[in-house]
Q: 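Once you've had a glance at the structure underneath, I'll fire off some questions.
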Amino acid sequence: MTDSWMRDLRDRIDGDVEAGPRRRVEYSSDASNYRVRPAAVVYPRADTDVAQVLRTARDEGLSVTARGGGTSVAGNAIGPGIVLDFSRHLNRVLAMDPGERCARVQPGVVLSQLQAAAAPHGLRLGPDPSTQNRCTLGGMIGNNACGPHAVSWGRTSDTVRELRILDGTGAERTLGTDLSAVPGLPEFTTDNLAALRTELGRFDRQASGYGLHYLTPERGGSIAKAFVGSEGSCGLVLDATVELVPIPPVTVLAVLGYPDMPTAADDVRAVLAGHPTAVEGLDARLVDVVRAHGRPVPDLPAGGAWLFVEFAGETTEAARESANSVVSACGALDTLLVTEAATAARLWRIRADGAGLAGRTPSGEPAWPGWEDAAVPPERLGDYLRDFEALMRDHRVDGLLYGHIGDGCIHVRLDLPIARAPQRFRDFLYDATDLVVRYGGSASGEHGDGRARSELLSRMYSPAALRVFEEFKGLFDPDEIMNPGILVRPRPVDADLRLAGLAPVPAAGGFALGADGGDIGTAVHRCVGVGKCRADTRSSGGFMCPSYLATADEKDSTRGRARVLQEVVRGTLDWRADAVAESLDLCLSCRACASDCPAGVDMATYKSETLYRAYRHRLRPIDHYVLGQLPRWLALGTRMPRAVNALTGARWLRELGMRAAGMDPRRPAPRLAPQSFRDQWARREQVRDARPVAMLWIDSFTDAFAPDIGWAAVELVESAGYRVRIPARRVCCGLTWISTGQLDGARRRLRHTLGALDEHIRAGGPVIGLEPSCTAALRSDLPELLPDDPRSAPTAAAVRTLAEFLDGRPEWHPPDRSGDRVLVQPHCHQHAVSGFDADLRVLQRTGAEITEISGCCGLAGNFGMQAGHYDISVAVAEGGILPALRAARSGTTLLADGFSCRTQAEQLAGRSGRHLAQYLSGERP
């Protein structure tokens with residue numbers, strides 16, 4: 001087989017056809033344990049493109065796999081042939097009919113987009129999986145997605161009214177309730193009624209296999225509903241008509257505490273008798289993990305597990321009455337009733353965060369899907385969970401339990417030894433399946449069978465039922481080109497495992513990677529593919545992933561980059577490969593993923609480590625020497641600021657110099673201050689008195705460009721009763737060396753820093769940083785680059801932001817700024833490492849009206865200055881800071897502690913920003 005079919009396909013469709021090594025790697029896995037590299041990835045723009053792809057696949061003997069958000073945890077969205085990504089172009093809500101309470105959508109529309117379109121009409125789609133801000137409707141139809149509200153509003157199959165599809169022969173069919181729409185289906189149904197009635201549909205969450213019980217007359221004879229959950233093995237959805245439900249006027253959340261999850265499950269029958277709209281269960285250990293990751297957790301009732309039970313009503317009193325009735329019927333240790341929507345949202349956020357954070361056991365070991373969402377009839381759930389916990393002990397595995405307890409569906413990720421002992425993985429899955437079958441349950445209750453569980457169907461169903469499944473697929477896909485190896489004639493559960501056989505990666509003298517045992521391979525495999533980096537989280541305060549938000553390309557997501565680095569540690573790509581450079585090129589090193597990614601993927605660190613390994617002892621790009629060693633050049637520039645400003649102020653010289661230095665000539669060069677802070681400080685009379693000493697960290701940017709910020713900080717710290725010192729000699733956090741992967745140079749600078757701060761740290765004094773990125777480097781990168789230096793940890797622990805220093809001193813009184821309007825741009829590194837809560841508390845004490853910008857400014861240190869990054873830098877800014885500045889009312893003050901953020905605002909919007917220190921001291925602007 002040659003690439004000629006790809007060239008022909010490109011000529012025949014309007015969509016995009018890509019088959020480069022990087023792209024194939026990005027689509028080689030979803031959110032599962034499996035890895036299968038496709039032959040090509042296609043982004044169709046129209047139905048005709050999809051049809052042409054099917055024709056090409058049939059002609060070339062290739063398989064076709066549909067993909068949306070790529071969040072399938074069972075390996076449903078990967079395949080060896082052509083992968084069709086519907087999310088890029090076929091992602092519209094085509095029609096909304098409030099009167100009929102339905103919508104018609106394309107398969108690539110993200111659920112949260114549909115919900116936003118339906119909300120003005122008081123409607124929503126019932127199913128609401130935790131990935132709703134990035135999962136697509138096509139994917140939900142593929143695996144019959146559910147969510148917390150399935151207990152009242154049903155699964156995706158309960159919402160689908162009609163589907164327009166292309167089957168495996170390329171024929172377009174409209175699936176509704178007319179069985180004759182598919183040739184041979186009426187006869188198939190009649191011939192197999194006994195199996196459809198006795199083996200399928202025994203309880204609501206029996207998701208394993210095909211949902212053929214919907215074909216029976218008593219179930220409405222719906223082909224559309226039977227097609228849901230077929231995991232792309234029967235056809236490709238072109239559009240879907242789905243039913244919507246009214247949004248309840250009022251909801252009340254009851255939180256019930258129990259000793260453990262099995263005991264909580266024992267009360268499910270009593271809970272369901274009260275007709276709740278949602279029922280979820282959480283293990284206390286999962287909540288502990290959420291807390292350990294710095295996520296806010298409201299106070300919960302006493303217990304080792306909790307039921308979250310939501311009730312709807314026309315009034316708060318009616319919903320509260322329903323809740324109280326259920327609470328009195330249950331045997332909970334303790335309860336909490338929540339009527340305030342914001343508090344309820346924070347509690348539900350625990351569940352959403354936990355879905356990703358469950359990727360680590362309480363001991364910190366990686367935990368994997370595979371036995372992700374088994375379900376049993378709810379009335380048997382308590383006993384099942386007790387036996388399941390015994391099974392985990394017998395197999396020496398651990399995991400965190402949570403899930404749709406009202407439906408009998410429990411999620412868990414387990415520290416199965418996939419890399420070391422795949423046979424143990426296989427043995428556990430077989431034993432777990434036998435256990436769930438004994439309880440009349442299903443190996444899959446929500447996410448489909450995929451590669452993870454299709455082989456296990458033989459443990460659940462009779463040979464006759466399995467033959468029925470094969471016959472059903474054959475009616476739609478006689479040549480088996482649609483997602484082969486799924487449900488029918490399955491691949492083994494231990495085939496194509498992404499981790500199997502991987503050896504530790506030898507250290508190269510870069511980061512310590514202490515949380516991952518010093519292994520970059522373990523670190524990059526933190527990414528299990530949940531895809532939160534693909535979600536537009538700006539409205540909810542997220543910063544990840546700015547380049548993906550600008551391009552909507554999987555290449556620019558944290559997950560896409562992690563997939564490429566996983567191939568590097570596997571040995572199929574070199575650290576210096578073009579595919580690696582392409583993947584990391586638009587990573588801003590903003591660090592947001594380190595806090596926003598539920599799995600703790602820290603792509604900024606991995607990028608730095610990759611650059612270190614790729615360029616160590618080799619010639620680097622010129623901008624690494626210029627921007628990557630900028631503090632060195634600034635130290636020289638501050639000796640002759642007028643000359644430097646004159647040179648950079650001459651346009652032709654600046655553009656020539658920037659091109660030569662690997663920078664974009666469209667960027668103006670920031671002007672140096674007439675006199676650096678250190679030069680001014682040297683002229684200040686130093687007074688020694690009994691006040692405690694605070695060390696002010698004067699970073700290179702404050703020193704060279706903005707000494708006024710340093711003096712404002714001196715004034716504030718002294719007003720808090722401290723005497724200010726600065727390091728006796730010029731020191732550096734090494735940030736620019738770190739971001740360009742010059743880690744040996746960064747270590748040398750950090751050792752000088754430790755020496756300069758040692759006496760002050762041993763005396764117990766604080767170190768106050770003004771530039772957020774430098775402060776973050778001292779707190780997080782310092783211990784990782786000098787882990788064996790006993791001074792590293794105490795120094796990192798002593799570093800504070802200015803807001804943290806002031807917030808911890810109630811005797812300090814901020815100025816009254818009542819009536820001020822303040823627009824605040826948090827720095828990405830601060831968001832990731834220390835958070836912004838202290839800044840908000842300090843600002844709130846001033847009485848100012850505060851508006852917080854969400855998302856990266858787009859300049860991100862050296863990123864926005866580098867050649868080839870200007871346009872994406874502007875696009876990122878258009879996702880946050882620029883529209884916020886345009887929308888701000890006249891007289892609004894822009895606060896931005898980051899030098900990059902202030903520079904971006906000035907260069908792109910002509911707006912000067914102020915540092916918190918400047919705002920809290922001196923006169924109003």
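Note that these values count all heavy atoms, side chains included, but never hydrogens, waters or copies made by symmetry.
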Q: With sequence neighbours excluded, tell me which residues meet side-chain hydrogen bond (donor to acceptor under 3.5 Å, both in side chains) with Arg161.
A: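 With neighbours one apart ignored, the set is Glu243.
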Q: Using modelled atom types and a 3.5 Å cut-off, is there a donor and acceptor pairing between side-chain atoms of Arg219 and backbone atoms of Gly201?
A: yes
Q: Without hydrogens or angle criteria, can the side chains of Ser208 and Tyr461 be said to hold a donor-acceptor pair below 3.5 Å?
A: no
Q: Salt bridge or not for Arg386 and Asp383, using N-O below 4.0 Å?
A: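 Yes, this pair counts.
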Q: Keeping the roles fixed (side chain from Asp596, backbone from Met544), state whether a donor-acceptor pair exists under 3.5 Å.
A: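 It does hold such a pair.
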Q: Tell me, with the steps shown, if Asp837 and Arg841 meet side chain to side chain contact (heavy atoms under 4.5 Å, CB included).
A: CA-CA 6 Å; Asp837 290 347; Arg841 287 192 295 268; 3.6 Å; yes
Q: Do the side chains of Thr174 and Glu162 get nearer than 4.5 Å, heavy atoms only?
A: yes
Q: So, using side-chain hydrogen bond (donor to acceptor under 3.5 Å, both in side chains) as the criterion, who are the partners of Thr156 when residues are at least two apart?
A: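 Result, side-chain hydrogen bond (donor to acceptor under 3.5 Å, both in side chains) vs Thr156: none returned.
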Q: Go through the structure and list residues passing ring-ring contact (aromatic ring centres under 6.0 Å, His included) with His395, not counting sequence neighbours.
A: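 With neighbours one apart ignored, the set is Phe428.
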Q: Compare all side-chain heavy atoms of Phe86 with those of Val109 and state whether any distance is below 4.5 angstrom.
A: no
Q: What distance do Phe203 atom CZ and Cys409 atom SG have between them, rounded to the nearest 0.5 Å?
A: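 The distance works out to 8.5 Å.
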Q: Quick check: does any side chain N or O of Gln106 sit under 3.5 Å from a backbone N or O of Arg92, one acting as donor and the other as acceptor?
A: yes
Q: Where is the tightest heavy-atom contact between Ala270 and Ala329, given as atom of each residue plus distance?
A: CB-O, 4.0 Å
Q: Side chain of Glu372, backbone of Val73: donor and acceptor closer than 3.5 Å?
A: no
Q: Is a side-chain donor or acceptor of Gln115 paired with a backbone partner of Arg124 at a separation under 3.5 angstrom?
A: no
Q: Would you say the side-chain atoms of Ser442 pair up with the backbone N or O of Ala375, donor to acceptor, closer than 3.5 Å?
A: no
Q: Counting C-beta onward and ignoring hydrogens, is there a side-chain heavy-atom pair between Leu256 and Pro301 closer than 4.5 Å?
A: no
Q: Not counting sequence neighbours, which residues clear side-chain hydrogen bond (donor to acceptor under 3.5 Å, both in side chains) with Ser595? List them please.
A: none
Q: Working to the nearest 0.5 angstrom, can you tell me the gap between Arg269 CZ and Arg380 CZ?
A: 11.0 Å
Q: Test Val493 against every option in Leu429, Asn33, Asp449 by the side-chain contact (heavy atoms from CB on, under 4.5 Å) rule and name the one that passes.
A: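 Answer after filtering Leu429, Asn33, Asp449: Leu429.
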Q: Looking only at atom types and distance, does a side-chain atom of Thr136 sit under 3.5 Å from a main-chain N or O of Gly139, one as donor and one as acceptor?
A: yes
Q: Under the criterion side chain to side chain contact (heavy atoms under 4.5 Å, CB included), I'd like the reasoning laid out for Glu389 against Asp260: C-alpha separation, chi angles, the key distance, then a yes or no.
A: CA-CA 11 Å; Glu389 289 180 349; Asp260 50 43; 5.6 Å; no
Q: May I ask you to check whether Arg534 and Ser87 show a side-chain donor-acceptor distance below 3.5 Å?
A: yes
Q: Would you name the heavy atoms of Pro378 and Gly408 that are closest together and state the gap between them?
A: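 Here Pro378 and Gly408 meet closest at CG-N, 3.9 Å.
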Q: Using a 4.5 Å cut-off on heavy atoms from C-beta on, say whether the side chain of Leu212 contacts that of Phe469.
A: yes
Q: Is it true that a side-chain atom of Ser325 and a backbone atom of Glu321 form a donor plus acceptor pair closer than 3.5 Å?
A: no
Q: Atom CG of Leu163 and atom OG1 of Thr241: how far apart are they, to the nearest 0.5 Å?
A: 8.0 Å
Q: Name all residues meeting the side-chain hydrogen bond (donor to acceptor under 3.5 Å, both in side chains) criterion together with Arg197; count only those two or more places apart in sequence or in a different chain, and write none if there are none.
A: Glu218
Q: Let's go through Leu457 and Leu487 carefully: what are the C-alpha distance in whole Å and the side-chain angles of both, what is the deciding distance for side chain to side chain contact (heavy atoms under 4.5 Å, CB included) to 0.1 Å, and is it a yes or a no?
A: CA-CA 8 Å; Leu457 295 179; Leu487 296 175; 4.1 Å; yes
Q: If you measure from CD1 on Ile247 to NE2 on His121, what distance do you get to the nearest 0.5 Å?
A: 10.5 Å
Q: Using the side chain to side chain contact (heavy atoms under 4.5 Å, CB included) rule, take Leu111 and Leu137 through it: C-alpha gap first, then chi angles, then the decisive distance, then the call.
A: CA-CA 6 Å; Leu111 174 57; Leu137 265 291; 4.2 Å; yes
Q: With salt bridge (charged side-chain N to carboxylate O under 4.0 Å, His left out) as the test, would you mind laying out the steps for Arg291 and Asp288 before giving the verdict?
A: CA-CA 5 Å; Arg291 286 195 184 99; Asp288 291 341; 3.4 Å; yes
Q: Any side-chain heavy atom of Leu435 sitting closer than 4.5 Å to one from Phe388?
A: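 Result yes, sub-4.5 Å side-chain heavy-atom pair found.
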Q: List the atom of Cys146, the atom of Gly445, and the distance in Å for their closest heavy-atom pair.
A: SG-O, 4.2 Å
Q: Do side-chain atoms of Asp373 reach the backbone of Glu446 as a donor and acceptor pair under 3.5 angstrom?
A: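 The answer is yes, because a donor-acceptor pair under 3.5 Å joins these two groups.
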Q: Kindly indicate whether the side chain of Phe311, heavy atoms from C-beta on, has any atom under 4.5 Å from the side chain of Leu337.
A: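 Not touching, per the 4.5 Å side-chain cut-off.
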Q: Say you draw a straight line from CE of Met261 to CG of Leu385; how long is it, rounded to the nearest 0.5 Å?
A: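 Here the interatomic distance stands at 6.0 Å.
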Q: For Pro127, run the side-chain contact (heavy atoms from CB on, under 4.5 Å) check against Met140, His149, Arg155 and tell me which one passes.
A: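 Of the listed options, the one satisfying the test is Met140.
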Q: What pair of heavy atoms forms the shortest contact from Glu314 to Pro249, and how long is it?
A: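 Looking at all heavy atoms of both residues, the shortest contact is OE1-CG, 3.6 Å.
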Q: Kindly say whether Cys597 contributes a backbone atom to a donor-acceptor pair with the side chain of Lys532 at under 3.5 angstrom?
A: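 No; zero donor-acceptor contacts below 3.5 Å.
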Q: Using side-chain heavy atoms (C-beta onward) and a distance below 4.5 Å, is Leu114 in contact with Met96?
A: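 Side chain of Leu114 against side chain of Met96, heavy atoms only: contact under 4.5 Å found.
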Q: What's the separation between atom CZ in Arg451 and atom CD1 in Ile486, rounded to the nearest 0.5 Å?
A: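 Between atom CZ of Arg451 and atom CD1 of Ile486 there are 5.0 Å.
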Q: Heavy-atom count around Asp299 CG within 6.0 Å, excluding the residue itself: above 12?
A: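 No - once you tally the heavy atoms of other residues, nucleotides and ligands closer than 6.0 Å, there are 12 at most.
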Q: Going by the rule salt bridge (charged side-chain N to carboxylate O under 4.0 Å, His left out), which residues pair with Asp204 if we only count those two or more places apart in sequence or in a different chain?
A: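 Scan of Asp204 (salt bridge (charged side-chain N to carboxylate O under 4.0 Å, His left out), adjacent residues dropped) gives none.
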Q: Any side-chain donor-acceptor pair under 3.5 Å between Asp266 and Tyr258?
A: no
Q: Compare every heavy atom of Val160 with every heavy atom of Lys225, then report the nearest pair and how far apart it is.
A: NZ-O, 3.1 Å
Q: I want to check something: taking the side chain as every heavy atom from C-beta on, are Tyr210 and Cys234 in contact at a cut-off of under 4.5 Å?
A: yes
Q: Classify the angle between the aromatic ring planes of His411 and Tyr402 as parallel (below 30°), tilted (30 to 60°) or perpendicular (above 60°).
A: tilted
Q: Restricting to non-hydrogen atoms, name the atom on Ala302 and the atom on Trp306 that form the minimum distance, rounded to 0.1 Å.
A: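 Distance-wise, the nearest heavy atoms are O-NE1, 4.0 Å.
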